[in-house]
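Working notes, structure below.
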Amino acid sequence: MAAPLSPIRSSDTGRRASLLDSLEKSELGWFWASDEAGRLIYLSEPALDRIAEIEGHLIGKQLVDIFEDDVGTEAGSPHRPLKFQFAARNSLRPTIVKIRTGAKTAWWEISGAPRLSKSGKFCGYHGIARDVTASIASQRDAEKLSRFDSLTGLSNRHRITQKLDTTLDAFRAAKRSCAIMLLDLDRFKQVNDTLGHPAGDELLKQLAARLKRLVGERGEIGRLGGDEFQIILPDIEDRGELGELAQRIIEMVSQPYSVNGVRAVVGCSIGVAIAPFDGIECQELIKAADLALYASKGGGRGQYRFYSSDLRDQAIHRHQIEEDLRDALSREELEMYYQPIVSATDHKVVCFEALMRWHHPERGQVSPAEFIPVAEEVGLIREMGEWAIHDVCKRVASWPANVRAAINVSAVQFASDDLIDTVRNALKSSGADPARIELEITESVFVGDIDRALRMFRDLKRLGVRLALDDFGTGYSSLSYLRDAPFDKIKIDQSFVRGCTEDGNNNGAIVSAVVSLAQALKMETVAEGVETKDELEAVIEHGAMSIQGALFSRPQPASVVEERFETGELVYEMLGPEKFRSDRRTEFRKIGLVHENSRYQVFLRNLSKSGAKIEGLLDVPVDTDVVLDLGGGQLVVATVRRSQGYSQGVEFETQLISDGADGLCTRHRVSPYQIEAAGRPLRALNDDEVTTYTGASSAGEKRFMEVDLVADRENSH
Ligand code: C2E
Ligand code: MG
Ligand code: MG
């Protein structure tokens, strides 16, 4: 008779180890672990063997470099990008990831939990993984076979991509154009999270029906997976028409849905690219539309955006920033600057906002508006934020007792439970009085888990620090959350301060409303970004208690503000101009001008839909017809209406249209097919390129005299 099996107890480490050992070998599941910096430190040997043959050394690599987000699974539920999950140190629910090993792709399902030390410090992840390549592959095959997305009935990724590929091939030969739109829903994850996946599915079905109705015969729609869609629009190259369609899609998609009797709302961002202008091949065009989509999301969502080659340059630039930022902290390139927040009554400083500055060895000072979002995306913000909190606390400890310092806390930092410890440690090691530390938090923290946010607020308040709500009114304002959140202060965003002195502008009324709201909730108010005396008067009249802005001082190095402490000068003088002038934004960029057979270089100023002011040519007679070359194949026929010395006002024959962001663009562009016909290779347009499509040359007989404005300006200074 066999001996009865005895249960394995947790104290029996030997038997547990061998159980785990055999589990690892059985291929049923593997284990993995990472360190606090996100590097892989352990992976079960059979798994290592499986990918290491091609990948070499995996141990020590960043998790985000090994595991890729998988967006191709139609059934795959949309989740936050892995990068974000790891950066936020969230626990990882079972997630399908892609692992690229040379030419082969494998799919694993991974899950994991953060490991914490006894003192609660994050020390990495541990988790399990299993290979699901076979089932994903058969699912993919089934999808390919069906060619249609079973949920919405739209073409699936495979079919729409194939369709685009064949369309572009055929159109190239026939010299036809073809636009594509990439759509990505905003806030769809929240619908899934709050109403459940079946409700999310129902919403997608209704949304697809709306898209079909709107696009009709004009194009073909596909669902790429999750909440991403693509629309192919043959024979449209008019950006005016495309912009209108994109705008209508955004409006239509953003109308509320009724799913199972509950109201749900999503938004939508769109990127547009047009062949052959923005890309010739399928992949090139998709990449272009993708960059445009990324830009429209970054521009505040609920927008469309046309691709322009600037976006590609920006993407390259951003990648460079990302690379350099990794070393910024260790190379001591970061420094906190301080901007005073003064009392509205006596202009005495009550607080300094600490603002991070990056002194880049080659680029000089890089703006936080540029590097903070990158740091958030790649997870560096936590380290940088931790450094900032420590640095500022140390400063404050040596400052006069009546001044506070405010530190900006990003939503990504806020999403991590470490924040509490970081603040506690910084307070302890610096000895700073918690009541003199203020944390500035933006509304975006309300987008996630509200209960968690409220818990975090409470825990932070327990440490004794003050909380300020930053950039109020620009994000996801919800008054009901504000009521429950223990903020000490609301910062009114500078976009409301700007222009609040102008007649017929609502900003003043908004400032008043925010102030009354803050008073009702017993919170203080700060008006941000006050630049002029009339703005100061206006915000004071509307009730703001404290003022921050260039009118008093721009952010300065700590040494500069500390000099004031020595002399006891805590009152700030006004430095700014009297009045806000709304026409300060002027363009100053070089463009081409073609007249008869000559090509000139002029400076573009004050571009509007119907005309522009140009500088650089002497005494061009009124009524002269010219062609402006705005770059990227954008030619505008214009007539000189006013002329004085080297400056002319021109009127456009056809109005420009919005590019979806702040800028303007032409409806049509010179087609790469025309350029090809002129004997040059077929390729997408480039914005910087000043074109010679017009046949005009910059040499030869010129009718007008060119003035060297740059030299002129330098001489006059
Ligand atoms: P913010 O927290 O809203 O900071 C105020 C911004 O307005 C600062 O821009 C400040 O220099 C600028 N400003 C102040 N007065 C005026 C004015 O009169 N006119 C104009 N035009 N601007 C004014 P800055 O320093 O470029 O920072 C931009 C944003 O970057 C900050 O907005 C904040 O969101 C973020 N940031 C800066 N430092 C940090 C940091 O240490 N950590 C985190 N997480 N974010 C930071
Ligand atoms: Mg701030
Ligand atoms: Mg702000």
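Order of listing sets the numbers, starting from 1, for every ligand and every atom in it.
Ring geometry for His359 against Tyr337 counts as tilted: the plane angle lies between 30° and 60°, on a 0 to 90° scale.
Side chains of Glu353 and Asn408: a donor on one and an acceptor on the other come within 3.5 Å. Side-chain polar atoms of Ser269 and Asp186 form a donor-acceptor pair below 3.5 angstrom. Between the side chains of Lys491 and Gln548, a donor-acceptor pair is found at a separation under 3.5 Å. Neither side chain, Ser647 nor Glu615, offers a donor N or O lying under 3.5 Å from an acceptor on the other. Donor-acceptor pairing under 3.5 Å is lacking for the side chains of Ser330 and Asp327. Looking only at atom types and distance, the side chain of His317 has a donor-acceptor partner in the side chain of Arg363 under 3.5 Å away.
Among the candidates Asp433, Val396, Ile437, the single residue satisfying the side chain to side chain contact (heavy atoms under 4.5 Å, CB included) test with Leu427 is Ile437.
The contact set between ligand 1 and Glu528, taken as ligand atoms under 4.0 Å from a residue heavy atom, comprises 3 (O), 5 (C). Residue Gly549 has at least one heavy-atom neighbour below 4.0 Å for each of these atoms of ligand 1: 15 (N), 18 (O). Residue-ligand proximity, Glu531 to ligand 1, at heavy-atom distances under 4.0 Å covers atoms 17 (C), 18 (O), 19 (N), 20 (C), 21 (N). Taking every non-hydrogen atom of Gln339 and a distance limit under 4.0 Å, the qualifying atoms of ligand 1 come out as 10 (C), 14 (C), 15 (N).
Within a 4.0 Å radius of atom 29 (C) of ligand 1, the protein contributes no heavy atom. There is a protein heavy atom closer than 4.0 angstrom to atom 15 (N) of ligand 1. The protein reaches atom 26 (O) of ligand 1 closely, with a heavy atom under 4.0 angstrom from it.
When the options Asp471, Asp470, Asn408 are ranked by their closest heavy atom to atom 45 (N) of ligand 1, first place goes to Asn408. With distances taken over non-hydrogen atoms, the option nearest atom 38 (N) of ligand 1 out of Arg498, Met356, Gln494 is Met356. Which of Ile372, Leu334, Leu355 comes nearest to atom 8 (C) of ligand 1 through a heavy atom is settled by distance: it is Leu355. Selection from Ala369, Pro373, Ala550 by nearest heavy atom to atom 18 (O) of ligand 1 gives Ala550.
Between Arg424 and Asp418 there is no salt bridge, since none of the side-chain N atoms of the basic residue sits less than 4.0 Å from a carboxylate O of the acidic one. A salt bridge between Glu370 and Arg318 is absent, with no side-chain N of the basic residue lying under 4.0 Å from a carboxylate O of the acidic one. Ion pair Glu438/Arg404 flagged as a salt bridge, since at least one NZ, NE, NH1 or NH2 atom sits closer than 4.0 Å to an Asp/Glu carboxylate oxygen. Ionic pairing of Lys348 and Glu569 is not present here: no N-O contact between side-chain nitrogen and carboxylate oxygen is shorter than 4.0 angstrom. Glu36 has no carboxylate O lying under 4.0 Å from a charged side-chain N of Lys121, or vice versa, which leaves the two without a salt bridge.
Between Glu376 and ligand 1 there is no heavy-atom distance shorter than 4.0 Å.
Around the Mg ion (ligand 3), the angle linking Glu528 (OE2) with Asp471 (OD1) is 90°, rounded to 10 degrees.
At a 4.0 Å heavy-atom cut-off, ligand 1 touches Val530 through the backbone alone. At a heavy-atom cutoff of 4.0 Å, ligand 1 is contacted by the side chain of Pro555 but not by its backbone. Residue contacts with ligand 1, taken as heavy atom pairs separated by less than 4.0 Å, involve Met336 solely via side-chain atoms from C-beta onward. With a 4.0 Å heavy-atom cut-off, ligand 1 is reached by no atom of Lys491. Residue contacts with ligand 1, taken as heavy atom pairs separated by less than 4.0 Å, do not involve Met384 at all.
Within Asp470, the N/O/S atom positioned nearest the Mg ion (ligand 2) carries the name OD2. For the Mg ion (ligand 2), the nearest N, O or S atom contributed by Glu440 is named OE1. For Glu353, the N, O or S atom closest to the Mg ion (ligand 2) goes by the atom name OE2.
Among the atoms of Thr442, no N, O or S atom is found under 2.8 Å from the Mg ion (ligand 2).
The shortest N/O to N/O separation between Gln548 and ligand 1 does not fall below 3.5 Å. For ligand 1, the polar-atom distance check finds no N/O of Leu551 at less than 3.5 Å from any of the ligand's N/O atoms. Geometrically, ligand 1 and Pro368 share no nitrogen or oxygen pair separated by less than 3.5 Å.
Using a 4.5 Å heavy-atom threshold, the side chains of Asp470 and Lys489 count as separate.
Remark: Phe487 pairs with Phe457 by the ring pair (Phe, Tyr, Trp, His ring centres under 6.0 Å) rule, at least two apart or across chains.
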